[in-house]
Amino acid sequence: MVSKRRSMTIFAKETKIITTMTFNYDVIVVGAGHAGCEAASAAANLGSKTLLITMDMNKIAQMSCNPAVGGIAKGQIVREIDALGGYMGIVTDRTAIQFRMLNRSKGPAMWSPRAQSDRARFIDCWRGIVENLPNLYIWQDTVQGLLLDGNTVCGVKTSMNVEFRAKSVVLTNGTFLNGLMHIGRTQIRGGRISEPAATGLTEQLISAGIRSERMKTGTPVRIDGRSIHFDEMGEQPGENDFHKFSYLDFQPRPLKQLSCWTTFTNEACHEILREGLPDSPLYNGQIQSIGPRYCPSIETKIVTFADKTQHQLFLEPEGETTQEYYLNGFSSSLPLDIQLRALQAIPAFRDIQIYRPGYAIEYDFFDPTQLHHNLETKQIKNLFFAGQINGTTGYEEAGGQGLIAGINAHINCHGGEPFVLGRDEAYIGVLIDDLVTKGVDEPYRMFTSRAEYRILLRQDDADMRLTEKAYKIGLAKQDRYDLLKEKKEHRDAIIAFAENYSVKPQYINDGLEALGTTPLAHGCKLIDLILRPQLTMESIATLVPALRAELDKVPASRKEEIIEAAEILIKYSGYIRREQIIADKINRLENIHIKGKFDYNSIQSLSTEARQKLTKIDPDTIAQASRIPGISPSDINILLVLLGR
């Protein structure tokens, strides 16, 4: 429905009539980055009439930094997004030009998928999805402010003087809020290179009582591949096995697969970088905001690790046909001439030509402790935040938040319980709980070490953990749910067969010795052999025809995936059970609700820090309170005693 309002602006010698167009939706998503695309898609797929507003339709889901998805812990998040019915995994599989499973030398809790994507095709693929989803509409414009009715958001207003009204608004503004880029002493206002910043929103939110701070991130130089001496670099090819991101049944990686490359900085390079430090925005006082500790710029590396004579660099292709390469490990905001001279000191880059230099960018974010676990703001009703606006970094962290915000924005319109994932259910649950409970003091990045239950949160079983939840709310579709049931049926059948089938020494010992493991002294169940670290289910199947026949019952297109899932559950069953028992104990505290039950400032037996932080965050449960930094076990015991009274 469209309505028109006429407003009159009076000038000294003329009167102008300005017509404001108004449109109505259920959900509005501001920003079409990775958070925005997942949020808008989720809301639309659940049935909300959804509007996605973006400055540039040609930059939908732009990979602003490196053209890669996944990695340590991040890959698990992408599999969770897919298991819930999101699209990041599907798009990555369709546009991948390299795939690798990281951390294979460790246990499966640490395995993490990672892919290089063709940057241009990634955008095209995402645009094809959002343009063709029922209930999802796109508007190209800049949002200048929110429409507020007291402490409730009811829409947005754009630079074209259009008003869009909605029951829920999701802000996913990325690095665009008052974005300021730095290349040496040169400063350029913008949210990304050659793209304008968004102004006005931060100031409006601050006036509504929401706290804002500044963060900084950076990106490296982009290099013309024709100027690189690849023969003087180490080659890092990808893998071409059955692994992929999406649990849906399709063939991954239709594009040509390419290698990444490695090289190192040297002392000559470092000396040139040191010369440029007086003009570095990070060291001359130009940048004051918080930067990522775990992903430092090259100038920070040579200062912090002054004893190191070299740092490894990774050269990553940007696409199947382009000559553009991304130099991972050389993020910088140094002057252009310093960046070029330092790179030319590296043998493989002595003839280097670049497309654009590295730069740093500062932008506004909002303290995420001002959010509920459904990502709705505490100060303004119906307003949700997702992505870098919450102080995170990374496409995967943004996509996970966007999916949850989109689901809850829909629920906010149509009724229902908030959709919240626990810390024992998903890395996305860990991510959001960390943000809401602990806040951030640097750009937040997910690591496996942040999850207490990482054996439960493996990349192989995200569908088992999450797809049924998504199916119940209507996000995961029937085909995905049917694939889950089929996988579980075959996986459990394999495990049951291994538990019940007996093997005898005389039929298998020669084969066991050939496989480098101890022969049997007496008969045992097949599962006892699978538990041996030297053996795999496939290697045992060469010795046990009955097992081969059982494995051959699995559909060929998903055979390796299902066998791997069964084998992991068998080999790590003891660890998994133990961790589940711990998670269940902690979950009892998640069911003890305390929100609104205490005036913390009046409880003198609590520490001063506990009173301040509990008042500020106002946790929902005892378990959430226990995770707030500065809250001691004695503080929790005091609350439990008071609840008992």
Side-chain angles (χ1 to χ4, degrees), residues 23-62 64 81 84-88 91 123 126-147 153-160 162-177 191 198 201 205 365-366 371 374-377 380-390 392 395 397-414 419 432 475:
F23 301 82
N24 296 298
Y25 293 87
D26 293 322
V27 175
I28 294 172
V29 178
V30 180
H34 303 273
C37 286
E38 294 289 0
S41 301
N45 279 328
L46 286 168
S48 283
K49 184 182 178 184
T50 304
L51 180 68
L52 178 61
I53 303 178
T54 176
M55 290 181 179
D56 189 346
M57 289 175 61
N58 296 312
K59 300 285 181 65
I60 286 174
Q62 166 75 297
S64 306
I81 291 170
L84 288 165
Y87 289 98
M88 183 178 282
V91 173
I123 293 171
W126 251 119
R127 178 166 173 173
I129 289 170
V130 296
E131 277 196 308
N132 290 287
L133 278 182
N135 300 317
L136 181 52
Y137 306 88
I138 302 174
W139 180 260
Q140 183 169 296
D141 201 347
T142 301
V143 170
Q144 290 191 325
L146 302 174
L147 301 176
V153 70
C154 51
V156 301
K157 188 171 183 177
T158 74
S159 60
M160 293 185 188
V162 182
E163 289 185 359
F164 296 99
R165 294 190 172 267
K167 301 169 187 174
S168 297
V169 174
V170 184
L171 295 185
T172 67
N173 301 81
T175 59
F176 282 79
L177 293 179
L201 267 176
L205 290 168
F365 79 100
F366 301 96
L371 301 173
N374 67 348
L375 296 181
E376 184 182 15
T377 64
I380 301 177
K381 293 179 181 178
N382 306 338
L383 179 64
F384 297 78
F385 288 171
Q388 286 178 283
I389 195 172
N390 290 335
T392 64
Y395 313 141
E397 290 88 343
Q401 292 173 71
L403 187 71
I404 300 302
I407 292 170
N408 283 300
H410 165 82
I411 291 171
N412 189 63
C413 295
H414 303 283
F419 187 82
I432 292 175
L475 186 57

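Quick note: residue numbers are just sequence positions, from 1.
- The aromatic rings of Tyr137 and Tyr25 sit tilted relative to each other, their planes meeting at an angle between 30° and 60°.
- In this structure, CD1 on Ile60 lies 10.5 Å from CD1 on Ile129, to the nearest 0.5 angstrom.
- Contact record, Asn58 with Ile123: O-CG2, 3.6 Å, taken as the closest heavy-atom pair.
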With side chain to side chain contact (heavy atoms under 4.5 Å, CB included) as the criterion, how do Ile28 and Val143 come out once you've worked through the C-alpha distance, each side chain's angles and the decisive distance to 0.1 Å? CA-CA 11 Å; Ile28 294 172; Val143 170; over 6 Å; no

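- Between the CG atom in Leu146 and the CG atom in Leu205 there is a gap of 5.5 Å [rounded to 0.5 Å].
- Contact detail for Val162 and Trp139: the closest heavy-atom pair is CG2-CZ2, 4.0 Å.
- Heavy-atom contacts from other residues, nucleotides or ligands closer than 6.0 Å to NZ of Lys59 number more than 12.
- By the 4.5 Å heavy-atom criterion applied to side chains, Asn382 and Cys154 are not counted as neighbours.
- Distance check, rounded to the nearest 0.5 Å: OG1 of Thr377 to CG of Leu383 gives 4.0 Å.
- Phe419 approaches Asn408 most closely through the heavy-atom pair N-OD1, 2.7 Å.
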Where do Asp26 and Lys167 land on the salt bridge (Lys or Arg N to Asp or Glu O under 4.0 Å) test, with the steps shown first? CA-CA 5 Å; Asp26 293 322; Lys167 301 169 187 174; 3.5 Å; yes

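- Going from atom CG of Asn173 over to atom CG of Asn390 covers 10.5 Å, rounded to the nearest 0.5 Å.
- Within the 4.5 Å cutoff, the side chain of Phe365 has no heavy atoms near those of the Leu177 side chain.
- Residue Ala43 comes nearest to Thr50 through the heavy atom pair CB-OG1, 3.5 Å, listed as atom of the first residue, atom of the second, then distance.
- Judged as a ring-ring contact (aromatic ring centres under 6.0 Å, His included), the pairs with a partner in residues 29-48 (not counting sequence neighbours) are, in order, His34-Phe122, His34-Tyr395.
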Using the side chain to side chain contact (heavy atoms under 4.5 Å, CB included) rule, take Leu51 and Phe23 through it: C-alpha gap first, then chi angles, then the decisive distance, then the call. CA-CA 10 Å; Leu51 180 68; Phe23 301 82; over 6 Å; no

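- To the nearest 0.5 angstrom, Gln62 atom CD is 11.0 Å from Cys37 atom SG.
- Put simply, the side chain of Thr172 gets close to the backbone of Val30: a donor and an acceptor are under 3.5 Å apart.
- Counting all heavy atoms, side chain and backbone alike, Ala32 lies closest to Leu52 at CB-CD2, 3.9 Å.
- Residues Asn135 and Gly47 share a closest heavy-atom pair of ND2-CA, 3.8 Å.
- The line from OG1 of Thr158 to CD of Gln144 is 7.0 Å long, rounded to the nearest 0.5 Å.
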